[in-house]
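All remarks here apply to the structure that follows.
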Amino acid sequence: MSTTSNDTALLTRDELLVWLHEDDPQKLETLWSWADDVRRSCVGDQVHLRGLIEFGNVCRRECLYCGIRKSRSLPRYRMLDAEILACAERAAELGFGTVVLQSGEDAQRMDPDAADGLSGFATLIRTIKERLGLAVTLSIGEHTDEVYRTLREAGADRFLLRFETSDPVLYHKIHPPIQGETRDRFAVLRALRELGYEVGSGVMVGIPGQSREILADDLLRFVELGLDMVGVGPFVPSPATPLGKHPEHFALPAGEQVPADETMAYKVLALTRLLRPYGNHPSTTALATVDRANGRRSGLQRGANVVMPNITPARYRAAYEIYPAKACLSTDDEAVLRGLHEQIRALGREPGFGRGDSKSILARRSSAAADAQQETTR
Ligand code: 5AD
């Protein structure tokens, strides 16, 4: 097996395609156990838990798959900084080492020139870091480098931005560009990495218009981008969106279209573990939504080592409806967490403690430090 900084793929594109076409249950069992073995030997048995706070659903985008797209009529909310802080305090009390602050792409909230904009949000991050000692992950969409830099300087540790699909034609179709903004998500991900964030991305599996060839290319991108975290989940049709209402307008002919089912999502997760063996990869909510009985657990047994329970205050949860019937709408955080701990232990694993940084970024930082050391002693 390769080193932590492995940036060449363990599997070729052709091999990935064979797995993406595979439907023999016995062969798939070998894939699941291969991914589970690699997970155990590279990142161990701890399952890192992240408290997810969906702090606002205001969004300037019109993504064709997403239930909080701008034009959808929906009660819109922005949590106050004090509410977010209270929620982070609760996360710390419950024993989380990380909070994930997720929202729609809200340019106003991150406006460097607005009184209630970027500087307030940066202060909030500083407070969460200093007062609670939590790692902070941001999932707030595309913004300028100034925004990303300010938040990084305030102490944000990690950033999640899925590139959704590596096919530029499909990407533009499902993710209409905003006029005047030309930077693609790959460039954004590189910029985030340059700023020193631990970087996560990922894709949806089974978006209408997605072929197995596209998916194989997505997987190879995870390697090329050197991702520290990869989130993959099945596409869940959201009826109030174009892709939910009329998937047939977008889908490829039967046989070519990737199904949005749990088996395909597990395959992509398992292959992700093989390609990014040291990364922190979640068993996602979308997986738990399409496979209610087993999704979360099976994800953990097929490559995942992270779970992100939702700790958004109850009154906001229904309005953060990216897709309907999202799993984990239960709002008794403590009971959810207890159940999760039991589930993790029943798998012979342990709930993680502390920040749970990814091993890939730790390796990157120590090799950067060694390089700097060499520079100074030269
Ligand atoms: N089904 C599944 N995942 C979705 N996301 C958005 N809409 C859907 C949907 N209908 C995912 C996207 C986004 C993440 C926050 O949620 O991949 O990046």
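In each ligand, atom 1 is the first atom listed, and ligand 1 is the first ligand listed. Please read these numbers as outputs of a predicted model, since none were measured by experiment.
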- How many angstroms lie between atom NE2 of H21 and atom NZ of K267, to the nearest 0.5 angstrom? 8.5 Å
- N310 side, atom CG; R317 side, atom CZ - distance, nearest 0.5 Å: 4.0 Å
If we only count N/O pairs under 3.5 Å, is [X] in contact with ligand 1?
{"X": "Y323", "answer": "no"}
{"X": "R162", "answer": "yes"}
{"X": "C66", "answer": "no"}

- Just which atoms of ligand 1 are under 4.0 Å from any heavy atom in E164?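 So the answer, numbered in order with elements, is 12 (C), 13 (C), 17 (O), 18 (O).
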- Message: With heavy-atom distances below 4.0 Å as the criterion, list the atoms of ligand 1 near I322.
- Response: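 Checking each atom against I322, I get 4 (C), 5 (N), 6 (C), 7 (N), 8 (C).
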- Query: Got the closest protein heavy atom to atom 1 (N) of ligand 1, with its distance?
  - Reply: V236 N, 2.9 Å
- What protein heavy atom sits nearest atom 4 (C) of ligand 1, and how far away is it?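 Checking every protein heavy atom, the shortest distance to atom 4 (C) of ligand 1 gives M204 SD, 3.4 Å.
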- Is NZ or CZ of R221 both nearer than 6.0 Å to the six-membered ring centre of F186 and within 45° of the ring axis? yes
- NZ or CZ of R276 within 45° of F222 ring axis and under 6.0 Å: no
- Query: Given that the side chain starts at C-beta and the backbone is N, CA, C, O, which of these parts of P234 lies under 4.0 Å from ligand 1, counting heavy atoms, or is it both or neither?
  - Reply: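 Backbone only; the side chain of P234 stays clear of ligand 1.
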- Task: May I ask you to check whether Y65 and F235 place their ring centers less than 6.0 Å from one another?
- Result: no
- Message: Using the ring centroid of each side chain, check whether F55 and F121 are separated by less than 6.0 Å.
- Response: yes
